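Please read these numbers as outputs of a predicted model, since none were measured by experiment. Sequence lines set the chain letters: A, B, ... in the order given, protein chains first and strands last, and positions in each chain run from 1.
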Amino acid sequence: MPRITLPDGSIREFDRPVTAHEVAADIGAGLAKAALGATINGELCDLSTTIQADATVALITPMDRKTGESGTEALALLRHSCAHVMAEAVQCIIPGIQLVYGPAVENGFYYDLSMPDDRPLRQEDFSAIEKEMARIIAEDRPFTRVECSVSEGMGKLKAEGSKYKIDNAERAIAAGSETLSWYVTGEPNQHWEDLCRGPHVPSTGRIGAFKIMSIASSYWHGDANSDRLTRLYGTAFADKKQLKQYLERLEEAGKRDHRILGKQLKLFHIDEEVGQGLILWMPNGAIVRRELETFISTELIKQGYSMVYTPHIGKLDLYRRSGHFPYYQDSQYPPLINPDYLRKLADDGCTCAELSNHLRTGEIDGYLLKPMNCPHHIKIYDSQPHSYRDLPVRLAEFGTVYRWEQSGEIGGLTRVRCFTVDDAHLFCTEDQLAQEVQGCLSLVKIIFRTLGLENYRVRVGLRDPKSDKYVGESSNWDRAEAVCLEAAGSLGVPFVEEIGEAAFYGPKIDFIVKDVLGREWQLGTIQVDYNLPERFDLSYIGPDNQPHRPVMIHRAPFGSMERFVGVLIEHFAGAFPTWLAPEQVRVLTISEKSLAYGQKVRDALFAASIRVTLDNSDDRIQAKIKVATDMKIPFLLVVGPRDAEQNAVSVRSRGYRQDLGAVSLESFVEAIGREIASRGSETVLTALFEKQPA
RNA sequence: GCCACCGUAGCUCAGUGGUAGAGCACACCCUUGGUAAGGGUGAGGUCAUGGGUUCGAGUCCCAUCGGUGGCUCCA
C-alpha cells in the first residue's frame with residue numbers, strides 16, 4: 001500500500017492505490033482545489049494519475065502563495081493544455097486544418113498546423129480564435145485521458161488518416177512507449193481530442209490567462225525540404241495579472257532592442273541602397289567600437305600578440321586550398337572575376353548557364369571576398385621559417401569578412417553580411433596548446449568582467465564519435481578535447497559539453513549570450529585546429545632539428561564587432577559606461593549670460609580628451625536636461641552665474657534624477673579622467689559624491 | 001530561401017476610393033529662464049519602387065526592393 005513522501009519530508013500512508021488528487025485532498029481541501037498536476041517521483045503527471053506504489057509526490061499549484069510566481073512545471077501544464085484549447089478553436093473556425101505538433105516552450109507554446117491550400121492563417125483570425133478559446137475555457141471541460149494499446153491506437157490513427165499524427169505515434173513507439181494516449185477536452189466520443197502523451201491540467205477552466213502572440217512558418221521535422229507548416233504561437237499564465245506583466249516586460253525589452261536604440265542614439269545606419277546586412281557605423285557607434293578595439297588591443301599587447309593587417313580579398317586558389325571554396329560556397333559572395341578572363345570566356349561562347357556552372361564547380365579564376373581571416377594569417381606565418389624557439393606566434397587583426405547570409409536571417413547588428421572579427425590565430429606546439437587556450441580564456445574573462453557581462457553560458461563543442469566528418473588524428477582530438485574541457489573547467493563558470501558541436505577541424509569553446517528578446521547569440525569562440533596546418537603544410541623546426549607541424553588556435557573574444565556591440569547596446573540599454581559613451585559630458589548653460597563660462601568648461605574637458613559638447617541653445621534648462629537625458633549621456637554639467645563665480649560645475653549624473661551639487665571644475669575633470677582611464681572601476685560618483693553608480 | 005505581417009516628412013505615427021496630416025527634430029523670431037520639453041512663425045512628402053483596376057489610388061490587385069516575427073541555415 002503506497003507510502004507517499006511529500007516535499008517537506010512528511011509521509012502519508014494509504015491502504016489502497018490513490019490518485020494524486022486524493023493525496024492533495026488528504027492534505028487539504030484548498031490544495032485539492034488549487035492543484036493543476038503533480039510530480040510523482042520527479043515525473044510531471046496528471047492530477048488524476050493513480051499511484052500504486054510508494055512514491056515521492058509534489059503537488060503542482062498555479063503559483064507560489066508567497067512569491068505570486070508560477071513554477072516551470074505549472075506553466076508547462078497550463079501552456080501545453082492551452083495549446084490543445086487553441087488547436088480545438090482553430091479547427092473549429094477553419095475546417096480542414098491538420099494538427100501536427102503542439103508543445104509548451106520557454107515563454108508559451110505553439111501548435112504546428114498544416115493549412116488547407118486555399119486558406120492561409122492570418123493575424124485577423126486571432127480574435128476569432130481567442131474568442132472560441134475563451135468559450136472552451138468558460139465551459140470548464142475536463143481534460144480526459146484515454147489510453148489504448150499500440151495496435152488499437154495505430155488502427156484508430158490510420159482510420160483518421162493524419163500522416164502527422166501517425167508519425168508522432170510511431171516516434172513515441174520507437175522511443176519505447178507501450179501505449180498510446182489521447183486527451184479529450186470533455187467527454188470521450190463527444191468532444192474534441194488529440195493524440196498526446198500529456199500531462200494536462202484537470203480542466204480547461206484552469207487556464208487562467210492566455211494570448212495568441214504571433215504566426216510563423218516552420219518545416220515538418222525542421223527539414224526545409226519537407227512539408228511547410230504554419231506555426232501559431234501563444235502564451236498562457238496562471239492569471240491575468242501575470243500575463244499583463246509578461247506583456248509589459250516584452251514591451252520594456254522592446255525598448256532595449258539595439259535596432260531601436262541604434263537609431264535613437266545615432267549609433268549605426270543600415271541603408272537599403274547600400275545593401276542588406278551591411279552596417280554603416282555612424283560617428284557615435286564608431287566611438288563605441290573604437291574604444292572596444294583600443295581596449296582589446298591593449299590586452300593583446302600585454303599577452304604578446306602581434307598586430308597585422310591583411311586585404312579584404314584573396315585568390316580563389318587560396319580558398320580552394322583552405323577548403324572554404326567551394327565547400328562553404330553557399331554562404332559566400334560569388335567570386336570576383338578578372339574582366340579579361342570574363343571577356344575570354346565570352347569570346348569562347350560561354351553562356352550564362354555555363355558561367356553559372358563554372359562558378360558552382362569552382363572551375364574559374366578569380367578572387368573571393370574573404371569569408372575568414374585565417375588563410376591570410378597562415379600565409380604570414382608561412383612567409384618565413386620558424387624555430388620552436390619563436391613559438392607561439394600570435395597574429396591578431398580586426399579582420400573584416402563577408403558572408404552571404406540568407407536574406408530572411410539578416411537583421412540589426414546580430415546577423416549581417418559584412419562583419420569585423422576581433423580575430424587572432426595562434427601557432428604553437430602541441431606542448432604549448434593547453435597554456436595558449438588558457439591564455440585565450442583569460443582574455444575572454446577580462447573582457448566580460450570589464451563590461452559586466454554575466455549572463456552568458458559556455459559550451460564546449462566536442463566531436464560526435466559516430467560521425468566521420470572530422471579531420472585529424474584521433475589522438476590529437478583526444479588531447480585537444482581534454483585541453484578544452486580542462487580550460488573550461490578552470491573558468492569558474494558552468495559549462496556544457498555538446499557532442500557534435502565541434503568544428504570539423506577541431507573542438508571549440510563558445511561563449512553564448514541572450515539578447516533582450518531571449519534569442520541566443522554566439523559571441524566569443526576559441527577553436528583548436530589541426531586541419532589548416534595540414535592543408536598548408538605548416539611547419540616549425542623542433543629541438544631535434546626536424547620539421548614539425550604546429551597546432552593552430554582560432555580565437556575571437558568578441559566574436560564580431562557588429563554582434564558584440566549589438567549585444568552591448570542591449571546589455572547597457574544604450575546607457576554605456578563613461579569610457580564607452582559616445583558623448584561623455586554635456587555642458588548645459590542656464591542662459592546666454594553663461595555662454596563664456598560654458599565654453600571655458602567645455603574647453604577644459606576637451607583639453608583632458610573628454611568627449612564633451614556644449615548646449616547653449618536658448619531652451620530652458622529643463623528642456624536641455626530632458627534632451628540630454630534621452631541621449632543617455634553619463635554626466636550633465638549645469639553651469640550658470642553661480643557656478644562661474646566659483647569656477648564650479650553643478651553635476652547631474654545619469655540614473656540620478658537630481659542635482660548632485662556643485663564641485664570645482666578641476667576636481668570634476670580629474671575624477672572623470674580617472675573613471676575613464678580605469679574603464680569604470682573608479683567612478684566620479686564615488687570620488688566626489690560618495691554614491692554608487694546607478 | 002520559406003510563411004505571415006509591415007513600408008506615409010530626418011524620427012514616432014494618424015489617415016478604409018474623392019484637395020497628404022500631427023508631435024518631435026530643423027530654420028527664424030519672442031523669451032534670459034537654476035535641474036526631465038516656455039511661446040510663435042516657417043520650411044520639409046513622386047505616400048518604398050514598377051505595373052494594373054478605376055472617372056479618380058496613400059487606400060484595391062500583381063511584381064520587385066526593404067523591414068519585423070518565426071522556420072531553416074550560421075566555418
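Contact annotation: Lys263(A) reaches the phosphate of U12(B) (side-chain N/O to OP1 or OP2, under 4.0 Å). When the side-chain nitrogen and oxygen atoms of Ser407(A) are compared with OP1 and OP2 of G1(B), one or more of them lie within a distance under 4.0 Å. Side-chain N/O atoms of Gln406(A) include none lying less than 4.0 angstrom from OP1 or OP2 on C74(B). At the phosphate of A36(B), OP1 or OP2 sits under 4.0 Å from a side-chain N or O atom of Arg652(A). Proximity of Arg259(A) to the phosphate of G69(B): a side-chain N or O atom is located under 4.0 Å from OP1 or OP2. OP1 or OP2 of C74(B) has not a single side-chain nitrogen or oxygen of Arg415(A) nearer than 4.0 Å.
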Apply side-chain contact (heavy atoms from CB on, under 4.5 Å) to residues Ile212(A) and Ile129(A) and explain how you reach the verdict. CA-CA 8 Å; Ile212(A) 299 178; Ile129(A) 298 167; 3.5 Å; yes
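Among A36(B), G34(B), A37(B), the nucleotide with an atom closest to any side-chain atom of Val627(A) is A37(B). Distance from the side chain of Val638(A) is smallest for U35(B) among the nucleotides U68(B), U35(B), U12(B). The side chain of Lys593(A) approaches U32(B) more closely than any other nucleotide in the set U32(B), A36(B), C5(B). With G70(B), G34(B), G67(B) as the candidates, the nucleotide lying closest to the side chain of Tyr233(A) is G70(B). Which of G38(B), U35(B), A36(B) sits closest to the side chain of Arg657(A) comes down to A36(B). Distance from the side chain of Gln276(A) is smallest to G67(B) among G33(B), U35(B), G67(B). Checked against G38(B), C3(B), G1(B), the side chain of Ser217(A) finds its nearest nucleotide in C3(B).
Within 6.0 Å of atom NZ in Lys266(A), 12 or fewer heavy atoms from other residues, nucleotides or ligands are found, so the atom counts as exposed in its surroundings.
Ser591(A) comes within contact range of at least one nucleobase, with a heavy-atom separation under 4.0 Å. Among the protein residues, Gly408(A) comes within range of the nucleic acid bases, having at least one heavy atom under 4.0 Å from a base atom. Using a 4.0 Å heavy-atom criterion, one finds that Ala216(A) contacts the bases of the nucleic acid, with or without backbone contacts as well.
As rounded to whole Å, 14 Å separates atom P of C2(B) from atom CD1 of Ile410(A). Distance, Arg228(A) CZ to G70(B) C1': 14 Å, rounded to whole Å. When the C1' atom of C6(B) is taken as reference, atom CD1 of Ile215(A) falls 14 Å away, rounded to whole Å. Here A25(B) presents its P atom at 14 Å from CD of Gln264(A), a figure rounded to the nearest Å. Atom P of nucleotide U12(B) and atom CG of Asp630(A) are separated by 14 Å, given to the nearest angstrom. Here C5(B) presents its P atom at 10 Å from CG of Leu121(A), a figure rounded to the nearest Å. Counting to the nearest Å, the C1' atom of U35(B) and the CG atom of Leu637(A) are 13 Å from each other. Rounded to whole angstrom, the span from the CD atom of Gln332(A) across to the P atom of C74(B) amounts to 14 Å.
Under the Watson-Crick or G-U wobble criterion, with both distances below 3.5 Å, A43(B) is left unpaired in every strand shown. Both distances falling under 3.5 Å, in either a Watson-Crick or a G-U wobble arrangement, occur for no nucleotide opposite U53(B). Pairing for C2(B) is with G70(B), a Watson-Crick or G-U wobble pair whose two hydrogen-bonding atom distances lie under 3.5 Å. C11(B) is paired with G23(B) under the criterion used here, namely a Watson-Crick or G-U wobble arrangement in which both key atom distances are under 3.5 Å. Shown here, G17(B) forms no base pair; nothing in the strands shown gives a Watson-Crick or G-U wobble contact with both key distances under 3.5 Å. U64(B) and A48(B) make up a base pair, with Watson-Crick or G-U wobble contacts both under 3.5 Å.
Distance alone, capped at 3.5 Å, is enough to place a donor-acceptor pair between the Asp643(A) side chain and the Gly640(A) backbone. The backbone N or O of Tyr246(A) lies less than 3.5 Å from no partner atom in the side chain of Glu251(A), so there is not a single donor-acceptor pair.
Taking atom C1' on both A36(B) and C61(B), the two are 49 Å apart, rounded to the nearest angstrom. The gap from the C1' atom of G21(B) to that of A43(B) amounts to 16 Å, rounded to the nearest Å. Here, C62(B) and A25(B) have their C1' atoms 38 Å apart, quoted to the whole Å. Taking atom C1' on both nucleotides, G10(B) is separated from G51(B) by 30 Å, rounded to a whole Å. On the C1' atoms, U8(B) is 15 Å away from G66(B), given to the nearest whole Å. Nucleotides C24(B) and A48(B) place their C1' atoms 23 Å apart, quoted to the nearest Å. For A14(B) and G33(B), the P atoms lie 41 Å apart once the distance is rounded to whole Å. G40(B) and G7(B) have their C1' atoms separated by 34 Å, with the value rounded to a whole Å.
When the options Lys508(A), His425(A), Gln527(A) are evaluated for a side-chain hydrogen bond (donor to acceptor under 3.5 Å, both in side chains) with His554(A), the one that passes is His425(A).
If Arg231(A) and Ile590(A) are placed on RNA chain B by their nearest nucleotide, the residue sitting closer to the 5' end is Ile590(A). Residue-to-nucleotide proximity on RNA chain B shows that, of Thr230(A) and Gln527(A), the 5′-proximal contact is made by Thr230(A).
The residues Arg231(A) and Asp112(A) are annotated as salt-bridged, a charged nitrogen and a carboxylate oxygen being separated by less than 4.0 angstrom.
Between Phe109(A) and Tyr233(A), the distance from one ring center to the other does not fall under 6.0 angstrom. Proximity of the aromatic rings of Phe564(A) and Phe558(A) is defined here by a centroid distance below 6.0 angstrom, and this criterion is met.
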